[in-house]
> 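Attaching a single structure in structure tokens format; questions to follow.
The figures that follow rest on heavy atoms only: side chains count, while hydrogens, waters and symmetry mates do not.
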Amino acid sequence: MSSYFTDLAQQYIDGEWRPGTGSWDIIDFNPYDNEKLASITIATVDEVDEAYRAAERAQKQWAATNPYARRAVFEKVLRLVEDHEAEIGDAIVAELGGTRLKAAFELHLAKEFLREAVHLSLRPEGRIIPSPVDGKENRVYRVPAGVVGVISPFNFPFLLSLKSVAPALALGNGVVLKPHQNTPVVGGTLVAKLFEDAGLPGGLLNVVVTDIAEIGDAFLEHPVPKVISFTGSDKVGRHVATVCAANFKRSVLELGGNSALVVLDDADVDYAVDAAVFSRFVHQGQVCMAANRVLVDRSVADEFTEKFVAKVAGLRTGDPRDPSTVIGPVINSSQADAISAVVEQALAEGATALVRGTTTDNLVQPSVLTGLPADSALLKQEVFGPVAFLVPFDGEEEAVRLVNDTPYGLSGAVHTGNTERGVNFAKRIDTGMFHVNDGTVHDEPIVPFGGEKHSGIGRLNGDTMLDAFTTQKWISVQHGRSGFPF
């Protein structure tokens, strides 16, 4: 595993591993013990340009390659991930502080998405559409967008890089990937190494490890990419969308959330507690779909709260390498400080701490808060850490209003003894995804994934990948002769 961080601490441009030429280095730290994993000299604007130009050169031939031949690359990547699963899991634990459970979860999903990418190469289909003009044949071809820029986040970097990179390549595009600065290997250069070893032609996939302090908007504004796929915060996503629109690019935005898990009066309380604890505290709460808010009908609030608090209080915080650890470190000190500030603000606004965790370096123990004022801004924003807000409500109408009272609309869940009641509840929520009698954190390879409102634009997974990474081209053929008015 350690070789990943020494061997892959470089840029990958036009099929070559090489150092960046920037004037400073990104230092890759283990967030648990602050061990230095790697030092990577950043890529400059010139190297971003070289990466995009390499992808542009390689893409035409790749698009013309038989899709059955393209498919073989993804089969090999999948086998490589399976063969090196233990080492990749160790790297996830080391670079982003993921627990053993989280690493296994991320790897399982990554393999599922690679299996789908194998089939995606064969998915594009053309159409012949009728014409009102006699003798005209209208052909609609689905063709690659060209070159796709991918910006991935730090929380599930291996999965979320692959989730855009693999489909974009499978559909005949070239790709330039910019991983998050805190996860440059697992989210970036490791992905490049797997594709290189699987036989992907050089130049098609490039990885630039850099920072906006060095390159500004060059990654977004560059004339080559036709699509930018961004996963991250809504604040940055708004900027990405603005720059893309100004440069006539398509943006696919998978942004933050403020999901609610709702417990109705007829719910299985014990099961709802288990779902809520997982939905809030998986990967330290650093999940866009995490249940920031747990809304509980007042008739079952006392029972739910007692059991929820007891379960949260028993969660083990500590070394993510220990299989018994449930809560590992958050990604960096600024995140730890931000989470502590949220708890302090909530208490200052009058909330009560039913569980109050302490913070030691990047280890943030869980907190459970209740009694937050209804107009608190904290109930409307995304909290990217192990803090749960318990909110009682009186009846379904109030629950619907509370769930929707946020700028976000990504995921959510409702627990009830009546399935169709849950479905009808879900239909009233302004989200891209909602789950009945389950947790809020789900992702599946062929189900459209994405959000409404500030949670994003567009969808990924399954057939929606065609909309994200291909375009349609109309070619008409006139059999016989057209008549012209002059």
Side-chain angles (χ1 to χ4, degrees), residues 234 254-282 287-305 307-308 311 370 372 374-376 379-383 388-464 467:
D234 60 305
E254 299 292 341
L255 309 179
N258 181 21
S259 300
L261 186 143
V262 182
V263 184
L264 298 181
D265 54 8
D266 61 347
D268 178 334
V269 171
D270 290 328
Y271 177 58
V273 166
D274 289 345
V277 171
F278 176 81
S279 297
R280 174 63 274 191
F281 297 106
V282 62
V287 183
C288 56
M289 297 169 280
N292 276 20
R293 299 168 295 153
V294 181
L295 276 54
V296 187
D297 190 280
R298 207 174 295 275
S299 65
V300 294
D302 288 347
E303 179 189 359
F304 179 92
T305 300
K307 292 177 175 178
F308 182 82
K311 190 172 179 74
T370 191
L372 204 59
D375 61 352
S376 173
L379 292 173
K380 295 180 172 60
Q381 71 186 52
E382 180 176 44
V383 177
F389 298 128
L390 292 184
V391 182
F393 63 85
D394 295 296
E396 266 187 67
E397 292 301 317
E398 185 180 15
V400 170
R401 181 183 62 78
L402 290 173
V403 175
N404 285 331
D405 188 18
T406 174
Y408 298 97
L410 187 58
S411 184
V414 61
H415 281 251
T416 170
N418 183 328
T419 300
E420 292 310 312
R421 181 188 185 192
V423 171
N424 288 329
F425 184 95
K427 288 177 178 177
R428 301 175 66 189
I429 307 303
D430 300 328
T431 60
M433 307 173 286
F434 208 82
H435 308 285
V436 178
N437 290 333
D438 209 339
T440 63
V441 180
H442 294 283
D443 197 357
E444 297 181 12
I446 62 172
V447 180
F449 181 102
E452 299 295 323
K453 301 192 283 189
H454 289 196
S455 289
I457 297 172
R459 296 291 186 269
L460 292 176
N461 303 0
D463 288 340
T464 65
D467 297 325

> Sub-3.5 Å donor-acceptor pair from the side chain of Thr370 to the main-chain atoms of Leu390, do we have one?
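Yes.
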
> Among all residues two or more places apart in sequence or in another chain, which pass the salt bridge (charged side-chain N to carboxylate O under 4.0 Å, His left out) test with Glu444?
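Residues passing salt bridge (charged side-chain N to carboxylate O under 4.0 Å, His left out) with Glu444: none at all.
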
> Which heavy atom in Ser259 sits nearest to a heavy atom in Ala290, and how many Å separate them?
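Minimum heavy-atom contact is CB-O, 3.4 Å.
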
> A side-chain contact here means heavy atoms from C-beta on lying under 4.5 Å apart; do Lys311 and Asp274 qualify?
yes

> If a pair satisfies ring pair (Phe, Tyr, Trp, His ring centres under 6.0 Å) and one of its residues is in residues 392-411, list it, with sequence neighbours excluded.
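Sorted result for residues 392-411: empty, none.
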
> How many angstroms lie between atom CD1 of Ile429 and atom CZ of Phe434, to the nearest 0.5 angstrom?
5.0 Å

> Once salt bridge (charged side-chain N to carboxylate O under 4.0 Å, His left out) is applied, what residue pairs with a partner in residues 400-419 remain, sequence neighbours excluded?
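Of all non-adjacent pairs touching residues 400-419, those that pass salt bridge (charged side-chain N to carboxylate O under 4.0 Å, His left out) are Lys380-Asp405, Glu398-Arg401.
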
> Working to the nearest 0.5 Å, report the span between CG of Asp394 and CZ of Arg298.
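Spacing of CG (Asp394) from CZ (Arg298) equals 4.5 Å.
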
> Measure across Asp297 and Leu264 and return the closest heavy-atom pair with its distance rounded to 0.1 Å.
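Taking Asp297 first and Leu264 second, the nearest heavy atoms are CB-C, 4.0 Å.
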
> Would you please name every residue forming a side-chain contact (heavy atoms from CB on, under 4.5 Å) with Asp438, sequence neighbours left out?
Tyr271, His435, His442

> Only pairs at least two apart or in different chains count here, so list each side-chain hydrogen bond (donor to acceptor under 3.5 Å, both in side chains) that has a residue in residues 410-420.
Asp266-Thr416

> CD/Glu382 to OG/Ser455 distance, rounded to the nearest 0.5 angstrom?
7.5 Å

> Looking at CG of Leu410 and CG of Asp234, how far apart are the two atoms once the value is rounded to the nearest 0.5 Å?
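Rounded to the nearest 0.5 Å, the CG-CG separation comes to 11.0 Å.
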
> Search all heavy atoms of Arg459 against all heavy atoms of Glu452 and return the closest pair with its distance.
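Closest approach of Arg459 to Glu452, heavy atoms only: NH2-OE2, 2.6 Å.
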
> Going from CG on Asn404 to CG on Asp430, what distance comes out if it is rounded to the nearest 0.5 angstrom?
4.0 Å

> How about Leu402 and Val391: do any of their side-chain heavy atoms sit closer than 4.5 Å?
yes

> Write down the atom of Leu261, the atom of Ala291, and the distance for their closest heavy-atom approach.
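Heavy atoms only, the tightest pair is CB-CB, 4.1 Å.
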
> Should Asn258 and Gln381 count as side-chain neighbours, where that means a heavy-atom distance under 4.5 Å?
no

> Grab the two heavy atoms, one from Leu295 and one from Ala399, that are nearest each other, plus how far apart they are.
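Closest pair (atom of Leu295, atom of Ala399, distance): CD2-O, 4.1 Å.
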
> Could you grab the distance from atom OG of Ser299 to atom CG of Asp265, nearest 0.5 Å is fine?
4.5 Å

> Is the backbone N or O of Thr440 less than 3.5 Å from a side-chain atom of Ser279, with the two atoms forming a donor-acceptor pair by type?
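Yes; judged by distance alone, with no hydrogens or angles, the pair exists.
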
> As a quick check of understanding, evaluate salt bridge (charged side-chain N to carboxylate O under 4.0 Å, His left out) for Lys307 and Asp270, giving each step before the final call.
CA-CA 7 Å; Lys307 292 177 175 178; Asp270 290 328; 2.8 Å; yes

> So do the side chains of Thr406 and Arg293 get within less than 4.5 Å of each other, counting heavy atoms only?
yes

> If you define the side chain from C-beta out and look only at heavy atoms, does anything of Phe308 sit under 4.5 Å from Val296?
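Phe308 vs Val296: side chains apart.
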
> Check Val436 against Val423 and note the closest heavy-atom contact, atom names and distance.
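Reported closest heavy-atom pair: CG2-N, 3.9 Å.
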
> Do Asn461 and Asp443 have side chains that approach each other closer than 4.5 Å (heavy atoms only, starting at C-beta)?
yes

> By side-chain hydrogen bond (donor to acceptor under 3.5 Å, both in side chains), which residues pair with Lys453, not counting sequence neighbours?
none

